[in-house]
Undergrad: 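Here it is, the structure in full.
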Amino acid sequence: MKWIYIEDIANYKDQEVEIRGWVYNKRSSGKVRFILIRDGTGIIQATISSEKNDHPLFKKFDLLTQESSIILRGRVREDKRAPSGYELNIDHMEIIQIAKDYPITPKEHSTPFLMEHRHLWLRSKKQHAVLQIRAEIIKSIRDFFDGRGFRLMDTPVLTPSACEGTTTLFETKYFDQNAYLTQSGQLYNEATAMAFGKVYCFGPTFRAEKSKTRRHLMEFWMVEPEVAFALLEDIIDLGEDLILHIIEQVLKNNQKQLDILERDTKPLENIKKPFPCIRYDDAVNLLKEKGSKIQWGDDFGSPEETLLSQIFDNPVCVTHFPAKIKAFYMQPDDERPDLVLGVDVIASEGYGEIIGGGQRIYDLKLLEQKIKEYNLPREAYEWYIDLRKYGTVPHSGFGLGIERTVAWVCKLKHVRETIPFPRLLYKIYP
RNA sequence: UCCUCGGUAGCUCAAUCGGCAGAGCGGGUGGCUGUUAACCACUAGGUUGGGGGUUCGAGUCCCUCCCGGGGAGCCA
């Protein structure tokens, strides 16, 4: 008997097959009994029917509970009455385990309850759909960069010091010294970009900020390309292409999951290149017109990002920020040295910043001066300064946050559902 | 850290002015020949987050602590 996955069921019409999985739900109607079985790739209805209400499998059926693990064998039939269009008429059932009191029922639950049972919640349809889309997004990102000749560079998770010196880092022991969990692979990628021309890193990053919002996790994934010789406009172009590629791939390969999530895909389908691109100066004026209390020189808060994303249908690029609200390595604008050649891309539909990046300082003296200005320990940055001594070139890059991207594409209220096991403020279980 | 809302059965919630602790789902038992979160009947299930106070009487009012949601701040 051939063991198959439910997603392939259509290829086995009128054949005898074996399905291994878990009981999603069961129903009975006198002499016909139904088992909804899921195997991780889909859900199919299995049926047992008997004229005399004495089918040998009825006793086993009665034992089944939600999430019990079973192996079924039977014939695949096309049937309009079945939820998926196919069903399995079974003549064999092996029970591996009867699950007792599975906590997640087919009715409603609150998010806190479900988060405590995250290890089980992953089995539910919507969570399953979100994580399928996450996997597709990650694949599409890798394909995008690999297809354009970028080299994957795995940057370290344990780092000796703050990359920025501004944000709060998770500290850990590293034998007899202290180490920190990375908050970005960027500085290392500036080195690898000088070796490979165009590179990207993709991994988890960590921020110890006490943020309690729908857009923040303590541990999140980021993809960060870095390109030697690229200027601000080049990197904006790259970011636009990346976002368009992600959306295209999800729309092409995840229609089923988007349906489960009841995602209206029109706003995604309508996204076109080029994105509206405005300077920080203009963004501040625009926000003031819309009633924001923002002053020139302030960084955008969540309300500002939300407001900006509501003004445009497409994601929006904001460029030329005041230097003092951005990191030390940002290249100043030649015409307005108080501004830096940075870009934030703010996702549409209120999802906030998904890309942050820009052009990096490549002049040795200027970088040394900035490190002093920002009170950073020079000895920790000697290797980084070296990059400006040996064949320095203008270069640019950005970081794209995976969880916010997934939340946006799936139109979720909170990023906590976009990763199998979110690390939230004060919550590290399960 | 601040603001705000909440904590009642395993889960989701109700309980009027301070006056008998309630429903649906889930569990159990039985029924039903095509169910679609099936349905119908019956049934078990409670330290009302903890502690203290006011009162003849507290799920309800007051104090306090704990836990959680939402928001702000923080956030290349």
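Note on naming: letters A, B, ... go to the chains in the order of the sequence lines (proteins, then strands), and numbering restarts at 1 for each one.
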Undergrad: In whole angstrom, give the distance that lies between atom CG of L424(A) and atom P of rC75(B).
TA: 20 Å
Undergrad: Determine the interplanar angle of the Y188(A) and W383(A) rings, folded into 0 to 90°, and report it as parallel if under 30°, tilted if 30 to 60°, perpendicular if over 60°.
TA: parallel
Undergrad: When you measure from the side chain of R27(A), which nucleotide among rU35(B), rG34(B), rC74(B) comes out closest?
TA: rU35(B)
Undergrad: Do the side chains of R279(A) and D281(A) get close enough for a salt bridge, i.e. N-O under 4.0 angstrom?
TA: no
Undergrad: Do Q45(A) and E87(A) meet the criterion of a side-chain donor-acceptor pair at a distance under 3.5 Å?
TA: yes
Undergrad: Rounded to the Å, how far apart are L120(A) CG and rG26(B) C1'?
TA: 15 Å
Undergrad: Just to be sure I understand the rule, does G342(A) reach a base, reach only the sugar-phosphate, or reach nothing, if contact means heavy atoms closer than 4.0 Å?
TA: nothing
Undergrad: Rounded to whole angstrom, note down the C1' distance from rA15(B) over to rG22(B).
TA: 7 Å
Undergrad: Taking any heavy-atom pair under 4.0 Å as a contact, classify F34(A): base, sugar-phosphate, or nothing.
TA: base
Undergrad: Looking only at atom C1', what distance separates rG24(B) and rC5(B), rounded to whole Å?
TA: 25 Å
Undergrad: What's the closest nucleotide to the side chain of S28(A) if the choices are rC32(B), rU35(B), rU33(B)?
TA: rC32(B)
Undergrad: Tell me: CD of E305(A) to C1' of rA72(B), nearest whole Å?
TA: 14 Å
Undergrad: Between E382(A) and R378(A), is the closest basic N to carboxylate O distance under 4.0 Å?
TA: yes
Undergrad: For atom P, what is the distance between rC65(B) and rC2(B), given to the nearest Å?
TA: 11 Å
Undergrad: Between rA58(B) and rG52(B), how far apart are the two C1' atoms, rounded to whole Å?
TA: 14 Å
Undergrad: Just the rounded figure in Å: distance from C1' of rA72(B) to CG of L307(A).
TA: 16 Å
Undergrad: Taking the cut-offs as 6.0 angstrom to the six-membered ring centre and 45 degrees off its axis, would you call R215(A) and Y351(A) a cation-pi pair?
TA: no
Undergrad: Below 30° counts as parallel, above 60° as perpendicular, anything between as tilted: where do the rings of F113(A) and H117(A) land?
TA: tilted
Undergrad: In whole Å, I'd like the distance from the NZ atom of K413(A) to the P atom of rG69(B).
TA: 15 Å
Undergrad: Identify whether any heavy atom of F321(A) sits under 4.0 Å from a base atom; if not, whether one sits that close to sugar-phosphate; answer base, sugar-phosphate or nothing.
TA: nothing
Undergrad: Just to be sure I understand the rule, does E87(A) reach a base, reach only the sugar-phosphate, or reach nothing, if contact means heavy atoms closer than 4.0 Å?
TA: base
Undergrad: Heavy atoms from C-beta onward define the side chain here; which of rA72(B), rU33(B), rC74(B) lies closest to that of S29(A)?
TA: rU33(B)
Undergrad: What integer number of Å spans the P atoms of rC32(B) and rU16(B)?
TA: 43 Å
Undergrad: Which part of the nucleic acid does E353(A) contact within heavy-atom distance under 4.0 Å: base, sugar-phosphate only, or nothing?
TA: nothing
Undergrad: Can you figure out which of rU35(B), rG69(B), rC74(B) approaches the side chain of R81(A) most closely?
TA: rU35(B)
Undergrad: Which part of the nucleic acid, if any, lies within contact of D79(A), taking any heavy atom under 4.0 Å across all strands shown: a base, the sugar-phosphate backbone alone, or nothing?
TA: base
Undergrad: On a plain distance test, is the side chain of S211(A) in donor-acceptor contact with the base of rC75(B) below 3.5 Å?
TA: no
Undergrad: Nearest of rG27(B), rU33(B), rC75(B) to any side-chain atom of V32(A)?
TA: rU33(B)
Undergrad: With no angle test and no hydrogens, is the base of rC11(B) tied to the side chain of H109(A) by a donor-acceptor pair under 3.5 Å?
TA: no
Undergrad: Between K210(A) and I355(A), name the one whose nearest nucleotide on RNA chain B is closer to the 5' end.
TA: K210(A)
Undergrad: For RNA chain B, whose closest nucleotide is more 5', that of P83(A) or that of D299(A)?
TA: P83(A)
Undergrad: Assess whether a salt bridge exists between E417(A) and R134(A), defined as any Lys/Arg side-chain N lying under 4.0 Å from an Asp/Glu carboxylate O.
TA: no
Undergrad: Please give, in whole Å, the distance from rG26(B) C1' to K100(A) NZ?
TA: 13 Å
Undergrad: Atom CG of D298(A) to atom C1' of rG73(B): distance rounded to whole Å?
TA: 13 Å
Undergrad: Using atom C1' in both nucleotides, what's the gap between rG45(B) and rG70(B) to the nearest angstrom?
TA: 33 Å
Undergrad: On the six-membered ring of F321(A), is K326(A) placed so that its NZ or CZ lies under 6.0 angstrom from the centre and within 45° of the ring axis?
TA: yes
Undergrad: Using a heavy-atom cut-off of 4.0 Å across all strands, would you classify P103(A) as base, sugar-phosphate, or nothing?
TA: nothing
Undergrad: For the side chain of H414(A), counting heavy atoms from C-beta on, which of rG70(B), rU35(B), rG73(B) is nearest?
TA: rG70(B)
Undergrad: Using OP1 and OP2 only, check whether a side-chain N or O of R416(A) sits under 4.0 Å from rG70(B).
TA: yes
Undergrad: Expressed in whole Å, how much space separates the P atoms belonging to rG53(B) and rG59(B)?
TA: 15 Å
Undergrad: Does a nitrogen or oxygen in the side chain of K26(A) sit under 4.0 Å from OP1 or OP2 of rG34(B)?
TA: no
Undergrad: How would you label the glycosidic angle of rC17(B): syn (within 90° of 0) or anti?
TA: syn
Undergrad: I'd like to know if R73(A) pairs up with E16(A) as an ion pair, taking the criterion as any Lys NZ or Arg NE/NH1/NH2 lying under 4.0 Å from an Asp or Glu carboxylate oxygen.
TA: no
Undergrad: Between R207(A) (CZ) and rC74(B) (P), how many Å, whole number?
TA: 15 Å
Undergrad: Could you tell me whether D298(A) and K293(A) make a salt bridge, using a distance below 4.0 angstrom between a side-chain N and a carboxylate O?
TA: no
Undergrad: Counting Watson-Crick and G-U wobble pairs with both distances under 3.5 Å, what is the dot-bracket string for RNA chain B, 5' to 3', using [ ] for crossing pairs and | for pairs to another strand?
TA: (((((((..((((.....[..)))).(((((.......))))).....(((((..]....))))))))))))....
Undergrad: Return yes if the base of rG70(B) and the side-chain atoms of K212(A) contain a donor-acceptor N/O pair under 3.5 Å, otherwise no.
TA: yes
Undergrad: Could you give the distance separating rG19(B) and rG57(B) at their P atoms, to the nearest angstrom?
TA: 14 Å
Undergrad: Is any side-chain N or O of Q66(A) under 3.5 Å from a base N or O of rG27(B), one able to act as donor and the other as acceptor?
TA: no
Undergrad: Is there a donor-acceptor contact under 3.5 Å linking the side chains of Q331(A) and Y362(A)?
TA: no
Undergrad: Starting the side chain at C-beta, find the nucleotide from rG34(B), rC25(B), rG73(B) nearest to T213(A).
TA: rG73(B)
